[in-house]
Amino acid sequence: MEQKSEVPKPKKFSHEKNKGIPEHVILASGVHNRYWVLDVQDVTSSQSCTEKHLTITCSKTTQSREACILKDGWESTPVAVGDVVHLEGRCVSGLWTIDRDSGFLVLLPDLLISGTSIASSIRCMRRGVLGEMFKAFDGGSKQMLNGTIVHDIFQKAAMSSDFSPERIQTFAAEALRSPNYLGQMYSLKLTQADMRQEVEEYLPSLSEWAKHYVHTSPQAGQKQLTLKLPSDGALSKQDATCSMTVTDFVDIEENIWCPRFGLKGKIDVTAGVRIHRRGRRPTERIVPLELKTGKESNSIEHRSQVILYTLMSSARRCDPEAGFLVYLKTGSLHPVVGNHMDRRELVKIRNSLAHHIGNSLVKVDGRSQMAPLPAIESDKQACKYCPQKRNCALKCIIEHLSHVHLQYFSDWLLLCTLEALTMENKGGRRNIWLQTAQQREKSGGCVGNMQLDRDVSVLSDGVYKHSFVRKEGNQTLTGLIVGDRIVVSDQDSVLIGLATGYVTEITISGLTCSLDKNLSKFSSNTVFRLDQDEGAGGLIFLNCFGTFFTKDTVANILKGLNKPQKQAMKKVLLSKDYTLIVGMPGTGKTTTICTLVRILHACGFSVLLTSYTHSAVDNILLKLNRFKIGFLRLGRAQKVHHDILPFTEESCRAKGIQTLEELEQLYNKELIVATTCMGVKHPIFSRRRFDFCIVDEASQISQPVCLGPLFYAQRFVLVGDHQQLPPIVQNAEARTLGMDESLFKRLEHHSDAVVQLNVQYRMNSAIMSLSNALMYEGQLECGSERTANAVLQLPSRAQVEKELDLYVCQPQYSAWVQAALEPNSPVCFLDTSEVPAPETVEKSGISNHTEAILVQALVTLLLKAGCRASDIGVIAPYRQQLKAISSLLQGDAFKALEVNTVDKYQGRDKSIIIVSFVRSNPEDNLGELLQDWRRLNVAITRAKHKLLMLGSAPTLRRYAPLEKLLCHLQQEDMISFTSGKKRPLPNIFFLFSFSDQ
DNA sequence: GCTCTGCAGAGAGGA
């Protein structure tokens, strides 16, 4: 993937980027300033020093401009026109000066970079950049796990202010049987005894450390340390000798997102300390302690980490100026002072890293490509143990990768990077600190003004249940829904990212959630904001380019299947590598998969069962469960279907798993393991392999995600239908470059691996014929006479028609209603063009009010005619239209009725489907959604007995797929007009009064 | 031009 030097180095993108400030960029002045760089000049000053002069603005109109001079080393900052920067220091009448002694320039400050990332970039920038691009997949080591556990023990002791050997023993024993660490031991093939031995070596020095430094100990504060704080000014060396005692443990694992310096990180221990120096009054500070279990190296990397933590702390509270490295192997303490020089150099390294990460793409001739990585360091020593060495020199090291494979890798790297960028610009975490809670609440995805309600309760190790209520009464909470991931910050966005977790319950006045930190230490007056967390965005780029034949049973299982389904079974069993099952709409994909799993299970094969969504996975499991087939379901309990909960790892563990053997047993017990494609980070996959992997809804999954689970199986089966919707890709360029091609589609032309399910049991023959004409070229068949001839049952239809006659004296006005209700014409397109029914285009989306009213009318009539609300589904391509329709369908009678987007209806069906196509305008204003054949195909294949479509035929004819559909409908005489000659209103009013009765 | 699901994740040592 290394781009060679032929690739032109990106010059200044001034002409490219200067076209105006993009909409998603937010600028500000003040402490949390954000400036847009308008111009960059390299200047040689009178003392023949080079400087960089920036012209900057913090207003989007670019009217008020300021200047910034970078010198004394800052001039080498890789800042370019169109970058966003944050400035620290002094500004005198519109001129910032960043020099040796004061000021910082933080490049792309909303790109938060972790302390460890910066520390690892000190020796090699390329390593830091690669580390941000690829999360290592190495799985860790015994030493690392030991480190984590010893940290945990120290932190628990700190929080309980008890470092007695007995207490520490208890914490150690708890940690050694905690679920999380057992999982890691399983991955690393370590035993609990191994781990116990490793951990126990450290325990005495924990108590020892506390004896010397915690203020409750009589021996505290006797050890001499060397500490010279910046605020001391010039002092003699003698004066720098001091002693330190910890007076208070303020926090553990304090999570800091620091957008002033563009940093993030977790501080092991935040402690209140008292520093005693000879001849001075003791000073009190709150400082970061960084724990280390490895060698007492006092290395640049370790010290840099501490200095960065002091900088992050300074943005939250009084500048600690110093922090401490605690080496737990020996129990010794090293003070680390963060003077301006060190901080300056680290911020520069951060900027360099941010520059590379923030400019990972360059445009060449209008097309995006990956920017070159920083140069390779030729330090053999450093490279030898570098965790990124495989990614660093991919081409050289992995010789078995052919050109095609490398090309595939680099293509997808580009696509994923493009997509990540778009997702970051759209949502992204930076809105938490760039927008006030009120601003963000308007656009949804945030609730502010929240206060802690009841006491915090512990749900499990590291999971805390919190209840919040609105400070001002009962304003309804609209922004969040149950299951959302959230980030908790203080209302004023000073303490950002205090905790993360999930919404578990929403009431009228408040909300309950599970969080990773206990916030009870905040006073009951503290006001919080809860922001929906879209996550860091982008796809994880999975870095892993690394028989009992019980004939009777199988025969029995095969019995209920139709011919193509049987063929599918045979194909899978005989396959060497993979099989694709093309399941057309209603052909029983879930049943087929369920049967396939039962057969494979009966044959003694192990199966990894996956799909993109939790609900798709659970759909199959619900069916499987009826046959009493055992399985293990991995994944967050909150996302799993209620009836499947007993089979989750979490509930199995709750029955009591304390030893590694029990955990191994749980992981190995079932032949069938089910999870989502993204769930493959689970420890089980570091060891278990499967005979088969089945991926459901595979045509909706992007390639990198779909590949994930396939690495753990000998053979795989992809089930999907490429005539249905493809994976969602937000970035337009990535889409045109083919990112929405699923693996299913890519492999589909290998026709010998494909088997088609074309016998369907959903639609009656009239509805089926639409899809056959449009997409399947007549291949789709009805499974039985019963399916083919099934029509809508309307017990009270006669009564309704009688009333219609009574209320509408002119029959031509109610003709279309009669057509819509007629069970024997299952397909009916209602052309609204003569009504007319124009669309409404708003920022929030597109809707069509008249169509919404017509939907309401139809639903009302259908219910009146004896239809159950749960048998009716309303579909529209646009969210805004769903809102319009739902607001008209309020009330208990409509409760069971489902209103949803086309996309959400995929994989589902209803007896009656009403589709509102929305678009209706005289211009050539089309939009993308309805241009997609597959979306239309999904929309028209959801109904079992009756398909009602509403739309303006003249507008819709401008969309190629709809033109074809309308042509077919016309031939079949399936179109009727919603009114006679431009007089629809009496009808509509009539319907209103009718529904109000 | 308006369709949306998944993800914890920063740091745990080694030289």
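Per chain, numbering begins at 1; letters A, B, ... match sequence-line order.
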Of the listed nucleotides B:dG13, B:dC7, B:dA8, the one nearest the side chain of A:D516: B:dA8
Sugar-phosphate, base or nothing in reach of A:T293, heavy atoms under 4.0 Å: sugar-phosphate
Touch class at under 4.0 angstrom, heavy-atom based, for A:E253 against every strand present: nothing
Sugar-phosphate only, base, or nothing, as touched by A:G679 at under 4.0 Å among non-hydrogen atoms: nothing
Distance test, side-chain N/O of A:K264 to OP1/OP2 of B:dA10, below 4.0 Å: yes
Over 12 non-hydrogen atoms of neighbours within 6.0 angstrom of CZ in A:R934: yes
Minimum side-chain heavy-atom gap A:Q906-A:V902 below 4.5 Å: no
C1'-based separation of B:dA12 from B:dA8 [nearest Å]: 15 Å
A:E928 side chain, from C-beta outward: closest of B:dG1, B:dC4, B:dG13: B:dG1
Distance below 4.0 Å between A:T116 side-chain N/O and B:dG11 OP1 or OP2: yes
Residues A:T422 and A:N731: side-chain donor-acceptor under 3.5 angstrom: yes
Rounded interatomic separation in angstrom, taking OH from A:Y905 and P from B:dC4: 13 Å
Below 4.0 Å: OP1/OP2 of B:dG6 and any side-chain N or O of A:Y502: no
Protein-nucleotide distance (A:K681, atom NZ; B:dA10, atom P), rounded to Å: 10 Å
Whole angstrom value for the distance that separates P of B:dC4 from CD1 of A:I701: 17 Å
Selection from B:dG11, B:dA12, B:dC7 that lies nearest to any side-chain heavy atom of A:K266: B:dG11
side-chain hydrogen bond (donor to acceptor under 3.5 Å, both in side chains) assessment of A:N921 paired with A:R958: CA-CA 11 Å; A:N921 59 66; A:R958 299 208 295 267; 3.0 Å; yes
A:K465, NZ: over 12 other non-hydrogen atoms inside 6.0 angstrom: no
Sugar-phosphate only, base, or nothing, as touched by A:P877 at under 4.0 Å among non-hydrogen atoms: sugar-phosphate
Minimum-distance nucleotide (side-chain atoms of A:Y878 versus B:dT3, B:dC4, B:dC7): B:dT3
Contact under 4.0 Å: A:R934 side-chain N or O vs B:dT3 OP1/OP2: no
Between B:dG11 (P) and A:N180 (CG): distance, integer Å: 17 Å
N or O in side chain of A:T613 less than 4.0 angstrom from B:dT5 OP1/OP2: no
Within 6.0 Å of CD1 in A:I300, more than 12 heavy atoms from elsewhere: no
side-chain N/O A:S141 vs B:dG14 OP1/OP2, d < 4.0 Å: no
Sugar-phosphate, base or nothing in reach of A:D268, heavy atoms under 4.0 Å: sugar-phosphate
From B:dC4, B:dA12, B:dG14, nucleotide with atom closest to A:K292 side chain: B:dA12
A:H302 side chain near B:dG13 phosphate (N/O to OP1/OP2, under 4.0 Å): no
Between P of B:dA15 and CD of A:E301, the distance in whole Å: 14 Å
Touch class at under 4.0 angstrom, heavy-atom based, for A:E254 against every strand present: nothing
Sugar-phosphate, base or nothing in reach of A:K639, heavy atoms under 4.0 Å: nothing
Phosphate OP1/OP2 of B:dT5 contacted by A:K904 side-chain N/O (<4.0 Å): yes
A:S114 side-chain N/O to B:dG9 phosphate OP1/OP2 under 4.0 Å: no
Value in whole Å for how far the C1' atom of B:dC4 lies from CG of A:L882: 13 Å
Parallel, tilted or perpendicular: ring planes of A:H334 versus A:Y327, cut at 30 and 60 degrees: perpendicular
Sugar-phosphate, base or nothing in reach of A:G845, heavy atoms under 4.0 Å: nothing
Sugar-phosphate, base or nothing in reach of A:Y309, heavy atoms under 4.0 Å: sugar-phosphate
Atom-pair distance (CD on A:E23; P on B:dG1), nearest Å: 14 Å
Touch class at under 4.0 angstrom, heavy-atom based, for A:L929 against every strand present: base
Atom-to-atom span, CG of A:L263 to P of B:dG11 - whole angstrom: 10 Å
Base of B:dT3 paired with side chain of A:R879 (donor-acceptor, under 3.5 Å): no
Heavy atoms from other residues, nucleotides or ligands near NE2 of A:H849 exceed 12 (cutoff 6.0 Å): no
Nearest-neighbour nucleotide for the A:E290 side chain, B:dT3, B:dA12, B:dG13 considered: B:dA12
Nucleotide of B:dG11, B:dC7, B:dT3 approaching A:R485 most closely (side-chain heavy atoms): B:dC7
